[in-house]
Amino acid sequence: MHQKTTQRQNRFGRIKPDGVPALRLAAPIGVAAAAGIGAALWFAFPQMHGGTNAWIGIAVAGACFAPVMVALAWVLLVDRSTIPGAIAHPEHSVENSWYDQAAKDSFHLLLVGKGFGAAIAGFCLPPMVSWTLAAVFAFAAAAFGTSYLIRKAGGR
């Protein structure tokens with residue numbers, strides 16, 4: 001008596017290697033979360049309550065959030081090793097190194113842009129704009145410095 005131990009591979013992966021398809025569980029979780037968001041929005045904006053229109057608003061909000069919430073549930077539930085064609089270690093791919101370098105370049109360009117923008121805004125625009133750009137620059141620089149010191153202390 002021989003039992004078949006391998007299951008058919010699922011296009012969207014499984015929750016665990018021998019588990020149910022991830023999308024089968026992610027879809028109801030995501031739709032329920034979207035309905036919850038729609039209901040929460042209904043309570044958050046009491047001035048919009050008005051009979052039929054309120055239920056239409058909840059339905060539209062739920063429909064708008066449903067695809068995003070299903071995708072989020074799928075990302076949280078799926079086991080990457082069960083997705084056909086997925087690479088084992090995406091953090092070591094060439095695309096990830098390109099992404100890291102692009103993030104570094106864009107951060108430094110944003111720092112320069114915010115600095116120049118704050119200086120130019122100080123002469124040409126109301127003072128609030130200059131102070132806002134300077135505050136964003138200071139926050140970005142502080143975040144960078146904190147991250148650098150944490151990594152330095154960790155030895156990475």
Side-chain angles (χ1 to χ4, degrees), residues 3-111 113-114 117-118 121 126 128-129 131-151 154 156:
Q3 289 184 345
K4 194 173 185 180
T5 58
T6 59
Q7 292 183 347
R8 184 178 70 86
Q9 246 191 344
N10 192 290
R11 178 178 176 190
F12 296 107
R14 297 184 173 277
I15 291 178
K16 52 187 174 183
D18 293 329
V20 299
L23 199 56
R24 187 180 299 167
L25 189 59
I29 290 172
V31 170
I37 290 172
L41 288 173
W42 184 70
F43 285 112
F45 299 104
Q47 70 274 16
M48 298 296 192
H49 294 185
T52 307
N53 292 339
W55 290 107
I56 292 172
I58 291 172
V60 169
C64 290
F65 279 105
V68 175
M69 297 310 293
V70 169
L72 178 64
W74 178 82
V75 165
L76 295 174
L77 291 172
V78 73
D79 180 6
R80 284 189 51 82
S81 67
T82 63
I83 301 172
I87 57 176
H89 300 286
E91 65 273 7
H92 299 301
S93 68
V94 68
E95 289 85 2
N96 192 45
S97 66
W98 293 339
Y99 176 84
D100 286 342
Q101 192 58 45
K104 292 173 190 174
D105 293 344
S106 62
F107 175 75
H108 291 110
L109 289 172
L110 281 172
L111 279 179
K114 285 182 277 192
M128 186 52 104
V129 175
W131 283 109
T132 302
L133 284 172
V136 171
F137 175 84
F139 175 76
F144 175 78
T146 303
S147 177
Y148 179 83
L149 291 175
I150 289 172
R151 291 181 190 280
R156 294 194 304 177

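All values below come from the heavy atoms of this structure, side chains included, with hydrogens, waters and symmetry mates left out.
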Reported CH2-to-CG distance for the pair W98 and D100, which is rounded to 0.5 angstrom: 12.5 Å
Which atom of K114 lies closest to which atom of V136, heavy atoms considered: CD-CG1, 3.4 Å
Nearest heavy atoms of S106 and A103, plus distance in Å: OG-O, 3.1 Å
Donor-acceptor contact present, side-chain R14 to main-chain T82, <3.5 Å: no
Distance (rounded to the nearest 0.5 Å) between W74 CH2 and L23 CG: 8.5 Å
Minimal non-hydrogen separation, G30 against A73, with atom names: N-CB, 4.3 Å
Counterpart residues, ring pair (Phe, Tyr, Trp, His ring centres under 6.0 Å), relative to Y99 (two or more places apart): none
Side-chain donor/acceptor of S147 to backbone N/O of F144, under 3.5 Å: no
Residue pair C64 / V68: nearest heavy atoms and the distance that separates them: O-CG2, 4.5 Å
From L110 atom CG to D105 atom CG, the distance as rounded to the nearest 0.5 Å: 11.0 Å
Student check: side-chain heavy atoms of L111 and F137 closer than 4.5 Å: yes
Beyond-backbone contact of I15 with V78, side-chain heavy atoms, under 4.5 angstrom: no
F107, CZ: over 12 other non-hydrogen atoms inside 6.0 angstrom: yes
For D79, side-chain hydrogen bond (donor to acceptor under 3.5 Å, both in side chains) partners two or more places apart: S81
Closest contact, heavy atoms only, G38 versus A61: CA-CB, 4.1 Å
Residue list, side-chain contact (heavy atoms from CB on, under 4.5 Å) with F65, at least two apart or on another chain: A34, I37, L41, M69
A142 backbone acceptor or donor facing T146 side chain under 3.5 Å: yes
